[in-house]
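Below you'll find the structure, written out as structure tokens, and then a few comments.
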Amino acid sequence: MLTCLELDLKFPDVDVNGSETTTPARNFKAGLDVNTRKKFAFAKKKAFALFVKELQATVHKPQTMHSDVHWKCCGLEFMDLTTIHKHVAAQHSNEVLQLTEYILEEFALAAATTVPCTEPSENSGALIDSWNRCPIFDWLPDTSDVSQDDLTSEPGEVLLYYCYCDVKDPQWICNWQRAMCQLLHLTGKIRIAAEGINGTVGGSKVSTKLYISTMLSHPLFRDMMCLEDFKTSDGGAHCFPDLRVGVFQEIVPMGIEPQKVSYKENAIHLSPKEFHEKVTKYLSEVSKPDLNTILLDCRNFYESKIGQFQNCLAPDIRKFSYFPSYVDQNLELFKDKTVLMYCTGGIRCERGSAYLRSKSVCKEVYQLKGGIHKYLEQFPDGYFRGKLFVFDGRYTISSNNDIISNCCYCGIAWDEYKLCSTTRCCQLVLTCAECRRKGLTACCPTCQLKEVNMSPESSQQHFKEECECTDKRPKIPTENN
């Protein structure tokens, strides 16, 4: 098993295998048995990362409250990971190989003292129920025949997926996911809980393909997920600043314990085609005074502001954790109505629809399977107009040229978000290129004034501070029936 220290290692981006036809590492690998050979690539990366970590030196600077990290080796000082990685690969391959041998011995020892995984019988079809008693390396993809260039090449893609299922050992899944993403050079965010997994990761197309195939081969997910459950879009590892994998109470934060409102009580799933047909019918009747259908956007206001289905109800909420209170304060609105719910990839609708159904006020509740992401794959020119907001460095992806939002300063059509320029603010702002050139880069006049008056000392304090934008917006809006 990986220790907590080892899980924080920075795996190398350089090719640690060398470029010669014959190397000591290749000779050593050739003499390994098949099972051990599959673990060689990961063991060598881990050995390399451990070796580099031992060379690390940290200098604390009390005056700035920051720390400078550098590496010392062979009488030289290295200021970034790339240069120290290249140095170690070129000058210390023998030491790394020795450490690799030691790590492989650890793997072998762990395998010998671990309760064996039992395969399902041919007749029972039962899932393997002892996967968490195996070393995580037994479930990592074999990258021995894949080059570093293939694992880091651009253009890549971003995966978006989730799976609600009963996870008996979330920490094991967390360790496995972190190790796999490090091995494949994937960045992104993955949440694991007893109720399932929710992830968005970016990397090369070779890496994402290996990631998907490994997920679908794991006994916990192979009967619960299929290839269609992974939504893809253009991008790569650069779309995320780092890799964050953790265990949480919920895989999407609604703020209610899963035991109280379970995903198992969710709404009826509609395929993109079925959802499109129901929206077509809804739009044909939208002018009727006795309309009994609501097309409900479950996302946050900054998402629906730049892209939404036509004639939808888009609650002006800042977080999904406000959604239950929104439902509670607007029960009359939903009474005896048929509700068509949608979100980005479908995950918020799972428990959001379960919460709405728990109130027993709606006539029927449906949700869009795969969310807007899957809908746009089949209906790029359908009823969703504008851009789809995504939670990574791209901010948006689009399938049509419609712009449904405006610059908050001059009012021209604009849908490209930037973070508020005030250091302490975390708001997204729509400000056009011309207004930005004029210095109008904050989310509101209050922040604009703060930025002008902020001292250098105060700008060093990095913490969230709500501003005029959120002060003026009701936390839980009440809709007019």
Side-chain angles (χ1 to χ4, degrees), residues 157-162 187-191 198-202 230-236 238-241 244 251-254 272 275 279 295-323 326 340-350 352 367-377 379-408 413-420 425-432 443 464 469-470 473 477:
E157 62 184 1
V158 172
L159 299 180
L160 177 68
Y161 72 91
Y162 70 90
T187 59
K189 296 171 284 189
I190 302 174
R191 295 174 66 100
N198 173 23
T200 175
V201 295
F230 294 86
K231 301 94 175 173
T232 62
S233 55
D234 294 338
H238 65 276
C239 294
F240 303 91
R244 300 180 185 181
I251 59 173
V252 62
M254 191 172 76
F275 192 83
V279 174
L295 180 55
L296 179 62
D297 192 323
C298 295
R299 301 173 301 154
N300 306 323
F301 77 90
Y302 53 84
E303 299 174 76
S304 58
K305 190 172 186 177
I306 61 170
Q308 58 182 240
F309 277 89
Q310 298 173 38
N311 290 98
C312 73
L313 171 61
D316 193 20
I317 55 176
R318 188 180 175 206
K319 302 176 182 178
F320 183 57
S321 57
Y322 296 167
F323 182 77
Y326 172 80
L340 306 174
M341 299 176 67
Y342 69 88
C343 60
T344 305
I347 185 169
R348 281 177 278 188
C349 284
E350 298 287 2
Q367 65 185 79
L368 173 57
K369 184 179 180 181
I372 303 165
H373 221 299
K374 281 297 181 183
Y375 178 85
L376 290 177
E377 289 180 11
F379 300 97
D381 294 312
Y383 296 123
F384 184 88
R385 311 312 300 171
K387 286 189 171 65
L388 173 60
F389 184 94
V390 290
F391 292 90
D392 58 54
R394 299 170 297 172
Y395 287 132
T396 62
I397 55 179
S398 61
S399 65
N400 58 72
N401 296 321
D402 290 3
I403 300 177
I404 68 169
S405 51
N406 307 94
C407 171
C408 66
W414 192 260
D415 60 7
E416 296 179 18
Y417 274 122
K418 298 286 185 182
L419 278 173
C420 176
C425 186
C426 57
Q427 299 293 314
L428 290 167
V429 56
L430 292 171
T431 175
C432 69
C443 64
K464 294 182 180 180
C469 295
T470 50
R473 180 186 304 109

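Treat the numbers as computed from the prediction; the structure is a model and nothing was measured. Keep in mind that the numbers below use all heavy atoms, side chains included, and drop hydrogens, waters and symmetry copies.
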Q: With side chain to side chain contact (heavy atoms under 4.5 Å, CB included) as the test, would you mind laying out the steps for Thr200 and Val158 before giving the verdict?
A: CA-CA 7 Å; Thr200 175; Val158 172; 3.6 Å; yes
With rounding to the nearest 0.5 angstrom, report the [atom1] to [atom2] distance, [X] to [Y].
| X | Y | atom1 | atom2 | answer |
| --- | --- | --- | --- | --- |
| Tyr326 | Ile317 | OH | CD1 | 8.0 Å |
| Cys349 | Leu296 | SG | CG | 7.5 Å |
| Ile347 | Gln367 | CD1 | CD | 11.0 Å |
| Glu303 | Leu428 | CD | CG | 10.0 Å |
| Ser399 | His373 | OG | NE2 | 10.5 Å |

[X] vs [Y] side-chain heavy atoms within contact, under 4.5 Å:
| X | Y | value |
| --- | --- | --- |
| Tyr342 | Arg299 | yes |
| Ser321 | Pro253 | no |
| Lys305 | Leu430 | yes |
| Thr344 | Phe389 | no |
| Arg348 | Tyr162 | no |
| Val429 | Cys408 | yes |
| Arg318 | Gln427 | yes |
| Lys387 | Ser405 | no |

Q | Verdict with supporting geometry, Leu295 and Asn311, side chain to side chain contact (heavy atoms under 4.5 Å, CB included) | A | CA-CA 7 Å; Leu295 180 55; Asn311 290 98; 5.8 Å; no
Verify, without hydrogens or angle tests, whether [X] (side chain) and [Y] (backbone) share a donor-acceptor contact under 3.5 angstrom.
| X | Y | value |
| --- | --- | --- |
| Asn300 | Tyr302 | no |
| Lys231 | Gly345 | yes |
| Asp234 | Ile397 | no |
| Asn198 | Ile251 | yes |
| Lys374 | Gly346 | no |
| Asp297 | Met341 | no |
| Thr396 | Leu388 | no |
| Thr431 | Cys407 | no |

Q | Identified ring pair (Phe, Tyr, Trp, His ring centres under 6.0 Å) counterpart of Phe309 within the set Tyr375, Tyr383, Phe379 | A |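 When Tyr375, Tyr383, Phe379 are each tested with Phe309, the ring pair (Phe, Tyr, Trp, His ring centres under 6.0 Å) holds only for Tyr375.
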(Q) Please verify the inter-ring angle class for Phe323 with Phe320; under 30° counts as parallel, over 60° as perpendicular, anything in between as tilted. (A)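 It falls in the parallel class, under 30°.
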Q: Given side chain to side chain contact (heavy atoms under 4.5 Å, CB included), test Leu159 with Thr232 step by step and report yes or no.
A: CA-CA 5 Å; Leu159 299 180; Thr232 62; 3.5 Å; yes
Q. Taking only residues at least two apart or on different chains, which pairs with a member in residues 394-405 satisfy salt bridge (charged side-chain N to carboxylate O under 4.0 Å, His left out)?
A.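 As it turns out, the salt bridge (charged side-chain N to carboxylate O under 4.0 Å, His left out) pairs with a partner in residues 394-405, which skip direct neighbours, are Arg385-Asp402, Asp392-Arg394.
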Q: Could you tell me which non-hydrogen atom of Phe384 sits nearest to which non-hydrogen atom of Asn400, and how far apart they are?
A: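 Looking at all heavy atoms of both residues, the shortest contact is O-ND2, 3.2 Å.
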(Q) Taking NZ in Lys369 as the centre, count heavy atoms belonging to other residues, nucleotides or ligands within less than 6.0 Å. Is the count above 12? (A)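 For Lys369, atom NZ is not crowded (no more than 12 foreign heavy atoms under 6.0 Å).
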Q | side chain to side chain contact (heavy atoms under 4.5 Å, CB included) between Tyr322 and Asp316, worked out | A | CA-CA 10 Å; Tyr322 296 167; Asp316 193 20; over 6 Å; no
Q: For Glu157, check side-chain hydrogen bond (donor to acceptor under 3.5 Å, both in side chains) against everything at least two apart and list the hits.
A: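 Glu157 satisfies side-chain hydrogen bond (donor to acceptor under 3.5 Å, both in side chains) with Thr208 only.
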Q | Contacts of Tyr417 that satisfy side-chain hydrogen bond (donor to acceptor under 3.5 Å, both in side chains) - sequence neighbours left out | A |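 Scan of Tyr417 (side-chain hydrogen bond (donor to acceptor under 3.5 Å, both in side chains), adjacent residues dropped) gives none.
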